[in-house]
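A quick write-up on the structure given underneath.
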Amino acid sequence: MAEQKLMLAQKKYELPPLPYDPSSLEPHISREQLSLHHDKHHQAYVLGANADLEKLEKARREGAEIDEKAVLKEFSYNIGGHNLHSLFWPNMAPTGEGGGTPGGSLGDLIDREYGSFDRFRMEFSKAASSVEGSGWAALVRCPTTGRPFIMQIEKHNNHIYPDMPIVMVLDMWEHAYYVDYRNNKAQFIDAFWNVVNWDEVNRRLEQLG
Ligand code: MN
């Protein structure tokens, strides 16, 4: 048997803290809604992703086979959930600090692609409200054309445009808004526009160079 070089106790995923107090998005998103969402739902994806890694590591330690179809599909779902939520929290800012219209390079990019911020807001909101089942709306920038595209993600991992970095996300899972808005998606989307953190979206965009 070949020498075993498997490294035990590799790095795992961790739940990042919210970048603000959980009540700071009120009245748009309540403390109860935000705490549940972060502490329970996001946490579940972190634990799920780590459990998937443990399944892979266990199989390697034991020289056992891996059920790729099950484990890799589940990992895609859990890691998608973790990464999208990690983008979502800083994508919002405390009430009074966010909302309005974007300036800087993001404002220019949006105007060039959509003609106006209002048109962009309408298209993004519609993409969010029409996600089939649970999912997300995301704004990405295509590295080939430099153009911003709206991506509609089902669950956490379906219909992704590969290799297009995400600069903004909106969680449209029921768990994101049900405490505050019941089944009223439109009200939740309006709430998001009141707390969206354009500085962070601009920062992510500029990071892409
Ligand atoms: Mn969520």
Side-chain angles (χ1 to χ4, degrees), residues 12-53 72-95 97-99 121 123-140 149-162 164-198 200-201 204:
K12 295 280 199 296
Y13 296 101
E14 286 172 21
L15 181 68
L18 281 174
Y20 33 68
D21 184 89
S23 57
S24 56
L25 304 186
E26 291 186 341
H28 307 292
I29 298 175
S30 70
R31 181 187 187 91
E32 185 190 0
Q33 174 70 76
L34 195 66
S35 300
L36 263 175
H37 193 180
H38 174 267
D39 302 353
K40 305 293 179 197
H41 293 283
H42 187 172
Q43 175 73 69
Y45 300 119
V46 173
L47 296 176
N50 287 337
D52 294 331
L53 288 178
L72 300 187
K73 185 174 169 185
E74 199 180 279
F75 185 59
S76 163
Y77 173 85
N78 283 316
I79 198 64
H82 172 46
N83 286 352
L84 287 169
H85 284 96
S86 299
L87 289 172
F88 185 49
W89 310 127
N91 210 158
M92 298 183 288
T95 299
E97 294 173 30
R121 179 177 154 145
E123 285 193 28
F124 191 90
S125 299
K126 271 200 78 183
S129 64
S130 65
V131 177
E132 206 175 305
S134 301
W136 301 72
L139 181 67
V140 303
F149 297 140
I150 294 167
M151 180 165 79
Q152 196 181 46
I153 305 169
E154 285 178 18
K155 295 184 183 171
H156 301 305
N157 52 340
N158 295 332
H159 311 306
I160 300 250
Y161 310 152
M164 291 203 194
I166 297 173
V167 295
M168 181 172 94
V169 281
L170 171 55
D171 191 340
M172 289 306 298
W173 280 59
E174 247 180 28
H175 71 218
Y177 58 84
Y178 201 77
V179 172
D180 288 343
Y181 297 104
R182 299 297 161 188
N183 59 343
N184 197 330
K185 286 186 192 182
Q187 275 184 8
F188 171 61
I189 294 168
D190 284 344
F192 172 73
W193 292 123
N194 283 320
V195 292
V196 61
N197 184 348
W198 293 124
E200 168 68 8
V201 184
R204 294 190 59 79

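Every number for a ligand or one of its atoms is a count from 1 in the order of the listing.
- Nearest N/O/S atom of Asp171 with respect to the Mn ion (ligand 1) is recorded as OD2.
- The Mn ion (ligand 1) has an N, O or S atom of His175 inside 2.8 Å of it.
- For a distance bound of 2.8 Å, the N, O or S atoms of His41 include none lying that close to the Mn ion (ligand 1).
- With hydrogens and angles left out, the side-chain atoms of His37 and His175 include a donor and acceptor closer than 3.5 Å.
- With 3.5 Å as the limit, one finds no donor-acceptor pair spanning the side chains of Trp173 and His41.
- Counting only N and O atoms by type, the side chains of Tyr45 and His85 include no donor and acceptor under 3.5 Å apart.
- To the nearest 0.5 angstrom, Met172 atom CE is 9.0 Å from Ser130 atom OG.
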